[in-house]
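To start, the structure under review is shown below, and the notes come after it.
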Amino acid sequence: MIHGETKKWVLKAMNDFKTAEKLINLPEGEIITDTLCFHSQQAVEKFLKAFLVYHRKEFERVHTIEYLLKLCSSLDNEFETLYEITANLTYYAIEVRYPDEFYIPTIEEAKKAFQSATKVKDFIFKKLSIKEEDLK
């Protein structure tokens, strides 16, 4: 069972994950790919931050997945397996949100982003021994 600040981070991550999950389950023509990618990235970011909070490891207020993975890897080298899975997610934290860098991800990119978020969620749940019922 998780408590305190770690639980808050996991709950916030789950809100982003559930938002992405709702979008990925829409008919393909209705999927809002930039929003799905953004929420997938946000879920991963918050899951990693939950792990760091659990281990009382301080981190800067950033959206860079690679930075967070480096910190997590310093505590548990199994996190190194997530680098390839999450390689393009940081891009979706900021760039796709603003019209200056107008880019709409493809359906394939959106599906890959959600798959990455799912893998990271499962990985963190295993690392922190979280069960869905712990979050209620």
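Counting from 1, the numbers follow the sequence of the chain as shown. From a predicted model like this one, the values you see are computed outputs, not experimental measurements.
Taking the side chain to side chain donor-acceptor pair (under 3.5 Å) definition, one finds that Glu45 meets it with Gln41, Gln42, Lys49, His63, sequence neighbours left out. Looking at residues two or more places apart in sequence or on another chain, you find no side chain to side chain contact (heavy atoms under 4.5 Å, CB included) involving Glu58. For Glu66, the side chain to side chain donor-acceptor pair (under 3.5 Å) partners at least two apart in sequence or on another chain are Thr90. Not counting sequence neighbours, the partners of Asp76 by the side chain to side chain donor-acceptor pair (under 3.5 Å) test are Lys127. Shown here are the salt bridge (charged side-chain N to carboxylate O under 4.0 Å, His left out) partners of Glu84, two or more places apart in sequence or in another chain: there are none. With sequence neighbours excluded, the residues forming a side chain to side chain contact (heavy atoms under 4.5 Å, CB included) with Thr118 are Phe17, Phe114, Asp122, listed by chain and number. Partners of Lys111 according to the salt bridge (charged side-chain N to carboxylate O under 4.0 Å, His left out) rule, which considers only residues two or more places apart in sequence or in another chain, are Glu28. Residues meeting the side chain to side chain contact (heavy atoms under 4.5 Å, CB included) test with Ala110, sequence neighbours left out: Thr33, Leu36, Cys37. By the side chain to side chain contact (heavy atoms under 4.5 Å, CB included) test, Ile85 pairs with Leu82, Ser116, Lys119, sequence neighbours left out. Shown here are the ring pair (Phe, Tyr, Trp, His ring centres under 6.0 Å) partners of Phe79, two or more places apart in sequence or in another chain: Phe51, Phe123.
The nearest pair of heavy atoms linking Ala50 to Val10 is CB-CG2, 3.6 Å.
Rounded to the nearest 0.5 angstrom, Leu69 CG and Ser74 OG are separated by 11.0 Å. From Ile24, atom CD1 reaches atom CD of Gln115 across 8.0 Å, with rounding to the nearest 0.5 Å. Atom NE2 of His55 is separated from atom CG of Leu71 by 12.5 Å, given to the nearest 0.5 angstrom. The line from CZ of Phe38 to OG1 of Thr19 is 10.0 Å long, rounded to the nearest 0.5 Å.
Identified under the salt bridge (Lys or Arg N to Asp or Glu O under 4.0 Å) test for residues 12-26, with sequence neighbours left out: Asp16-Lys46.
Checking Thr106 against Glu109 by side-chain atom types alone, a donor-acceptor pair falls below 3.5 Å.
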Query raised in the report: Should Met14 and Phe47 be marked as a side-chain contact (heavy atoms from CB on, under 4.5 Å) after you check the CA-CA gap, both sets of side-chain angles, and the distance that decides it?
Result: CA-CA 8 Å; Met14 285 302 295; Phe47 283 128; 3.6 Å; yes
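Taking the side chain as every heavy atom from C-beta outward, Ser73 and Tyr83 approach each other to under 4.5 Å.
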